[in-house]
Amino acid sequence: MTDDELEEDVVRAELTTAWLGRPYLYVPAIESTNDRLKSWAADPAYPSGTVLLTDYQSAGRGRLGRRWEAPPGTSLLFSTLFRPGWPARQGAWLTMLAGPAVAEAVERVTGLTAALKWPNDVVLPVGPAAGREWRKVCGLLLEATLDTDGRLTSAVLGIGLNVNIPAGALPAAATPATSLLAAGGDFVPRRALLIALLETLEARYEAIQAGWSPAREWGERLVTLGQRVEVTAVGATAPLIGLAEGTDEWGQLLVRDDDGRLHAVAAGDVTLRGR
Ligand code: BT5
């Protein structure tokens, strides 16, 4: 048994959480953990907190029909089922709690510094403080189902975290990719990282249930804020260029364009254009 194995018996033996990852389900390979867990979401036999993890996805997905690529056995690729019952717009909070949870687990286990890029990336710094670049180490994919009252009956949160992908095997991507191995130089035991991540996720979800908002912690980790950005909003015809001034309670990015108008962007892609 190595500390990199993610099979059910070894993970269950070390799991420290109360309900997140219970059950914890592992398959060696699958099309997409999000797709499979979504197909199970209507079945009440799968409780809130169910985790499905794999070592390889043949059809891993990003947002908007994009692909998520990772060589077998190199990453954390998993999805978690939640049954929040929250109002629809609060759904963004699942992404907003997951970003800081991933960043904290990465920092705790590897000692690296992690940050967030709006709306759904975890990034690592490259290069000196002046002229620093950010590379994507993790992507989040949230897919929710609403009931007729507009409440979130179920939500599947997918996490793809590049752990031990060698620098030469990183996928070519719009936001340049990195892995914990490529950034830190050391092989990272995936099981310790997974256990830490399930803990940080559970703690934040429970804090929300107790009345906490993830907006502030999330906003504080966003490298996007204070930057000149080009935002391609979902459904928009032309990109919006301006200063990313802040975010609101529901995760929308507030961008001041060059005419001084403030725009709230709910979903889209951002390119950082420097200060
Ligand atoms: C995301 O989408 O970043 C969400 C990724 C979610 C993946 C997880 S893995 C477990 C679960 N099951 C699934 O099927 N998916 C979830 P988006 O922001 O659209 O970014 C996608 C883009 O990131 C792609 O178009 C590539 O440019 C780039 N990309 C692909 N693989 C990557 C990787 N391993 N590391 C960094 N960037 C990558």
Side-chain angles (χ1 to χ4, degrees), residues 6 21 24-41 50-82 92 94-96 98-99 101-103 106 114-124 126 133-144 155-183 188 190 193-194 197-198 201 222 224 231-235 251 253 265-272:
L6 299 170
Y24 169 81
L25 305 166
Y26 168 86
V27 285
I30 199 169
E31 293 81 17
S32 152
T33 56
N34 257 51
D35 287 348
R36 183 65 60 88
L37 206 47
K38 276 199 300 181
S39 76
W40 293 345
T50 300
V51 167
L52 175 65
L53 180 141
T54 193
D55 264 318
Y56 179 68
Q57 294 184 126
S58 55
R61 291 191 297 107
R63 296 172 303 142
L64 308 169
R66 295 187 282 229
R67 286 186 60 90
W68 189 259
E69 312 272 3
T74 61
S75 300
L76 287 179
L77 304 168
F78 69 99
S79 301
T80 303
L81 174 67
F82 295 98
L94 289 167
T95 311
M96 292 158 71
V102 171
V106 164
L116 305 176
K117 178 170 171 282
W118 188 90
N120 70 319
D121 298 348
V122 182
V123 291
L124 301 180
V126 181
E133 284 177 34
W134 299 95
R135 302 222 168 130
K136 179 164 172 172
V137 72
C138 171
L140 305 168
L141 177 64
L142 179 69
E143 298 183 290
V156 172
L157 173 71
I159 298 183
L161 173 57
N162 302 333
V163 184
N164 296 315
I165 306 183
L170 289 164
T175 298
T178 191
S179 70
L180 300 178
L181 172 65
V188 177
R190 288 183 303 161
L193 185 59
L194 174 66
L197 177 46
L198 297 179
L201 278 171
L222 280 177
T224 319
V231 189
T232 310
V234 171
L253 187 63
V265 188
D269 288 308
V270 161
T271 311
L272 301 179

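Ligands are counted one by one from 1 in listed order, and the atoms in each one are counted from 1 as well.
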Inset, instruction - Keeping the roles fixed (side chain from S32, backbone from N34), state whether a donor-acceptor pair exists under 3.5 Å. - result: yes
Inset, instruction - Give yes if a backbone or side-chain nitrogen or oxygen of T175 is under 3.5 Å from a nitrogen or oxygen of ligand 1, and no if not. - result: no
Inset, instruction - Please determine which of N164, V188, I165 meets the side-chain contact (heavy atoms from CB on, under 4.5 Å) test together with L181. - result: N164
Legend entry - Protein heavy atom at shortest distance from atom 15 (N) of ligand 1: R61 O, 2.8 Å
Legend entry - R67 contact mode with ligand 1 (heavy-atom cut-off under 4.0 Å): backbone
Inset, instruction - Heavy-atom distances under 4.0 Å are what count here, so tell me which part of R66 touches ligand 1: side chain, backbone, both or neither. - result: side chain
Inset, instruction - Mark up the atoms of ligand 1 that fall under 4.0 Å of a heavy atom belonging to S79, in ascending order. - result: 11 (C)
Legend entry - Nearest-neighbour protein heavy atom for atom 5 (C) of ligand 1, which is reported as residue plus atom name and distance: W68 CE3, 3.4 Å
Legend entry - Numbered atoms of ligand 1 (with element) below 4.0 Å of A173, judged on heavy atoms: 26 (C), 27 (O), 28 (C), 37 (N)
Inset, instruction - Considering heavy atoms of the protein only, find what lies nearest to atom 35 (N) of ligand 1 and give residue, atom and distance to 0.1 Å. - result: N162 ND2, 2.8 Å
Inset, instruction - For ligand 1, note which part of L170 has a heavy atom under 4.0 Å away: side chain, backbone, both or neither. - result: neither
Inset, instruction - Do me a favour and list the nearest non-hydrogen protein atom to atom 4 (C) of ligand 1 with residue, atom name and distance? - result: L140 O, 3.5 Å
Inset, instruction - Report yes or no: does K136 contribute a side-chain atom to a donor-acceptor pair with the main-chain N or O of A174 at less than 3.5 Å? - result: no
Inset, instruction - For F78, counting its heavy atoms only, list the atoms of ligand 1 lying under 4.0 Å from any of them. - result: 10 (C)
Legend entry - Distance, nearest 0.5 Å, that separates OG of S79 from NZ of K38: 9.5 Å
Inset, instruction - Just need the protein heavy atom nearest to atom 34 (N) of ligand 1, so name the residue and atom and give the distance. - result: E69 O, 2.8 Å
Legend entry - Reported CG-to-CG distance for the pair L6 and L76, which is rounded to 0.5 angstrom: 6.5 Å
Legend entry - I159 CD1 to T80 OG1 distance, which is reported to the nearest 0.5 Å: 6.0 Å
Legend entry - Expected output: side-chain N162 to main-chain T178 donor-acceptor under 3.5 Å: yes
Legend entry - Nearest-neighbour protein heavy atom for atom 12 (N) of ligand 1, which is reported as residue plus atom name and distance: Q57 OE1, 2.9 Å
Inset, instruction - Only heavy atoms count here, so choose which of R63, K136, E143, R36 is nearest to atom 3 (O) of ligand 1. - result: K136
Inset, instruction - Please write down residue, atom name and distance for the protein heavy atom closest to atom 10 (C) of ligand 1. - result: T33 OG1, 3.3 Å
Inset, instruction - Decide whether the shortest distance between a heavy atom of G60 and an atom of ligand 1 is less than 4.0 Å. - result: yes
Legend entry - Considering all heavy atoms, the nearest R190-T74 contact: NH1-N, 3.9 Å
Inset, instruction - Run the numbers for me: atoms of ligand 1, each under 4.0 Å from some heavy atom of L141, listed by number. - result: 6 (C), 15 (N)
Legend entry - Separation of L180 CG from L161 CG (nearest 0.5 Å): 5.5 Å
Legend entry - Test item, L64 contacting ligand 1 (heavy atom, 4.0 angstrom): no
Legend entry - Point-to-point distance, once rounded to the nearest 0.5 Å, from OG1 of T95 to CG of L157: 6.5 Å
Inset, instruction - Say whether, by atom type as modelled, one donor and one acceptor occur between the side chain of T33 and the main chain of L53 under 3.5 angstrom. - result: no
Legend entry - Closest protein heavy atom to atom 1 (C) of ligand 1, given as residue, atom name and distance to 0.1 Å: N120 ND2, 3.5 Å
Legend entry - Enumerated ligand 1 atoms positioned under 4.0 Å from heavy atoms of N34: 11 (C), 12 (N), 16 (C)
Inset, instruction - Applying side-chain contact (heavy atoms from CB on, under 4.5 Å) between F78 and each of T54, L37, L25, L197, report the one that passes. - result: L197
Inset, instruction - With heavy atoms of A174 as the reference, note each atom of ligand 1 found under 4.0 Å away. - result: 27 (O)
Inset, instruction - Working to the nearest 0.5 Å, report the span between CZ of F82 and CG of L201. - result: 6.0 Å
